[in-house]
Amino acid sequence: MKSKITLRDIAKHLKVSVGTVSKALNGNHEISEKTRKRIVNYAKKHRYVPNINAVNLRKESAPAIGLIIPNILNYFFAQVFSGVEMAANERGYNIISCISNESLEKEIATTNTLKNGLISGLLVSLSEETEKQKQTSHFKKFIDMGTPIVMFDRVSTAIQCDKVIVDDFGASYDATEYLIKSGCRKVAAVSILDNLEIGKLRLAGYKKCLEDYNIIIDEKLIVRNFDKTLFTTEIKSLLHNHKVDAILGFEEFAAVNSMVIAKDLGFKIPEDISIIGFTNGMLPQYVTPTITSVSQHGKYIGQKAVQMLINRIEEEHTNIAPFSTEIIKTSLIIRDSTKN
């Protein structure tokens, strides 16, 4: 049985964007009469039928973008979502948002649903299991179908697409340097992100900074935690057995909980131990003392990713730009958990 023709099939044949086809078939006056007739006639000739699910999920005049994020409880991804929704609405696109919950299986199931004609493009940040197992073939299906993808934050080199990433190496280097310049020499690094490329980049930035300041890298001061239930035990062991005057947490959980444990053990913050954490969420601002944080500008990342994706969706097939990677610089928000 012959498969139904899709918007992408029409766009590919007539060498126009999917957005142009969608607008023409919906009578949008932005499209010239000549182009509209050419598209409509081709669609009628090949008996194009709109996808019923897509029609039910979005307005006729508003194509949809898929968004897959690994964890909505993470403040960074909540900020990204806010930026995505704002920028998409400004460009006339709806968002179909999905959460993988760090699961490869759920991520695959989500992509299987989204690839059935629901979306014009896909925004995605990989789940932890996906990165760990290096399994990204489910995204290649979108590329084969001509559906644009933009990856952000957690990305894969195996997928050729536009990307928006944080300068994780530079951010970690700068945070470590700030601690050193404030007088710290025994800087511990605490990570629960060792399975992720961003965790490896942050560790590399930390180590490079120590080397540049002629401080010996002590692997005993690096805590790689794969099980949150053991986190308290590992941090207590670190503080009991080693002289530590600073902790760099590679995400919010590590920083906040390290500070709570250190205070319970009688350490004063920042007099005895300075603390910096990644992700400038709400919690670091309301604990006592407030925690110096690396701001990753999640809202801007979401906006930038949407702009890149919609530009890719709407560009003409005869003028396709090469893929690009935007690197977003971070900011260090100084609070009370670090010495001046």
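Quick caveat, the model's predicted, so the values are computed rather than measured.
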For [X] and [Y], indicate whether the former's side chain and the latter's backbone hold a donor-acceptor pair under 3.5 Å.
{"X": "Thr136", "Y": "Phe139", "value": "no"}
{"X": "Ser324", "Y": "Asp162", "value": "no"}
{"X": "Glu131", "Y": "Ser127", "value": "no"}
{"X": "Gln135", "Y": "Ser137", "value": "yes"}
{"X": "Glu252", "Y": "Gly277", "value": "no"}

Is there a path of hydrophobic side-chain contacts, each under 4.5 Å between heavy atoms of I, L, V, M, F, W or Y residues, that connects [X] with [Y]?
{"X": "Val256", "Y": "Ile333", "answer": "no"}
{"X": "Ile143", "Y": "Leu126", "answer": "yes"}
{"X": "Ile165", "Y": "Val294", "answer": "no"}
{"X": "Val244", "Y": "Ile215", "answer": "yes"}

Going by heavy atoms in the side chains, are [X] and [Y] under 4.5 Å from each other?
{"X": "Lys299", "Y": "Met86", "value": "yes"}
{"X": "Ser156", "Y": "Met151", "value": "yes"}
{"X": "Phe169", "Y": "Lys208", "value": "yes"}
{"X": "Ser331", "Y": "His297", "value": "yes"}
{"X": "Gln303", "Y": "Val84", "value": "no"}
{"X": "Glu314", "Y": "Arg91", "value": "yes"}
{"X": "Phe152", "Y": "Phe77", "value": "yes"}
{"X": "Leu221", "Y": "Asp218", "value": "yes"}

Mind checking salt bridge (Lys or Arg N to Asp or Glu O under 4.0 Å) for [X] and listing every partner two or more places apart, or none if nothing turns up?
{"X": "Asp167", "value": "Lys329"}
{"X": "Asp264", "value": "none"}
{"X": "Asp245", "value": "none"}

side-chain contact (heavy atoms from CB on, under 4.5 Å) between Ile96 and Leu67, intermediate numbers included:
CA-CA 6 Å; Ile96 300 176; Leu67 170 66; over 6 Å; no

How close do [X] and [Y] get, counting heavy atoms only, and between which atoms?
{"X": "Lys106", "Y": "Ser103", "result": "N-OG, 3.1 Å"}
{"X": "Gly266", "Y": "Asp272", "result": "O-OD2, 4.3 Å"}
{"X": "Arg335", "Y": "Ser293", "result": "NH1-OG, 3.2 Å"}
{"X": "Ile235", "Y": "Ser258", "result": "CD1-OG, 3.8 Å"}
{"X": "Ile275", "Y": "Ile291", "result": "O-CG2, 4.1 Å"}
{"X": "Ile39", "Y": "Ala24", "result": "CD1-CB, 3.6 Å"}

Linking Ile, Leu, Val, Met, Phe, Trp and Tyr by side-chain heavy atoms under 4.5 Å, what else ends up with [X]?
{"X": "Ile31", "value": "none"}
{"X": "Leu104", "value": "Ile108"}
{"X": "Tyr286", "value": "Tyr75, Met282"}

For the [atom1] atom on [X], are there more than 12 heavy atoms of other groups (residues, nucleotides or ligands in this structure) within a distance under 6.0 Å?
{"X": "Ile334", "atom1": "CD1", "answer": "yes"}
{"X": "Glu105", "atom1": "CD", "answer": "no"}
{"X": "Asn41", "atom1": "CG", "answer": "yes"}

Show me the pairs that pass side-chain hydrogen bond (donor to acceptor under 3.5 Å, both in side chains) and involve residues 176-187, at least two apart or across chains.
Glu177-Tyr213

Would you sort out whether Leu114 and Cys98 count as a side-chain contact (heavy atoms from CB on, under 4.5 Å), showing the intermediate values?
CA-CA 10 Å; Leu114 291 178; Cys98 308; 4.2 Å; yes

Point-to-point distance, once rounded to the nearest 0.5 Å, from [atom1] of [X] to [atom2] of [Y]:
{"X": "Leu179", "Y": "Asp174", "atom1": "CG", "atom2": "CG", "answer": "11.0 Å"}
{"X": "Leu14", "Y": "Thr35", "atom1": "CG", "atom2": "OG1", "answer": "9.5 Å"}
{"X": "Thr338", "Y": "Ile273", "atom1": "OG1", "atom2": "CD1", "answer": "13.5 Å"}
{"X": "Lys339", "Y": "Ser274", "atom1": "NZ", "atom2": "OG", "answer": "4.5 Å"}
{"X": "Ser125", "Y": "Ile68", "atom1": "OG", "atom2": "CD1", "answer": "10.0 Å"}
{"X": "Phe231", "Y": "Asn257", "atom1": "CZ", "atom2": "CG", "answer": "5.5 Å"}

Identify, with sequence neighbours excluded, every residue that meets side chain to side chain contact (heavy atoms under 4.5 Å, CB included) alongside [X].
{"X": "His13", "answer": "Tyr42"}
{"X": "Thr229", "answer": "Asp227"}
{"X": "Gln160", "answer": "Phe323"}
{"X": "Glu326", "answer": "Val164, Lys304, Met308"}

Ring-face cation contact, Phe253 with Lys228, 6.0 Å cut, 45° max
yes

In this structure, which one of Thr279, Asn280, Asp153 forms a side-chain hydrogen bond (donor to acceptor under 3.5 Å, both in side chains) with Gln296?
Thr279

Could you give me the CA-CA distance, side-chain angles and deciding distance for Thr113 and Thr110, then say whether side chain to side chain donor-acceptor pair (under 3.5 Å) is met?
CA-CA 5 Å; Thr113 299; Thr110 298; over 6 Å; no

Given Val150, which partner from the list Ile65, Val306, Val155, Leu309 fulfils the side chain to side chain contact (heavy atoms under 4.5 Å, CB included) test?
Leu309

Kindly determine whether Met259 and Val287 satisfy side-chain contact (heavy atoms from CB on, under 4.5 Å), including the steps that lead there.
CA-CA 9 Å; Met259 187 178 78; Val287 294; 3.6 Å; yes

Could you go through residues 188-207 and list every donor-acceptor pair under 3.5 Å that involves a side-chain atom there, pairing it with any protein atom two or more places apart or in another chain?
unit_1	atom_1	unit_2	atom_2	d
Ser191	OG	Leu193	N	2.9
Asp194	OD2	Arg224	NE	3.2
Asn195	ND2	Glu128	OE2	3.1
Arg202	NE	Asp168	OD1	2.8
Arg202	NH1	Phe250	O	2.4
Arg202	NH2	Asp168	OD1	2.9
Tyr206	OH	Val187	O	2.6
Lys207	NZ	Glu219	OE2	3.1

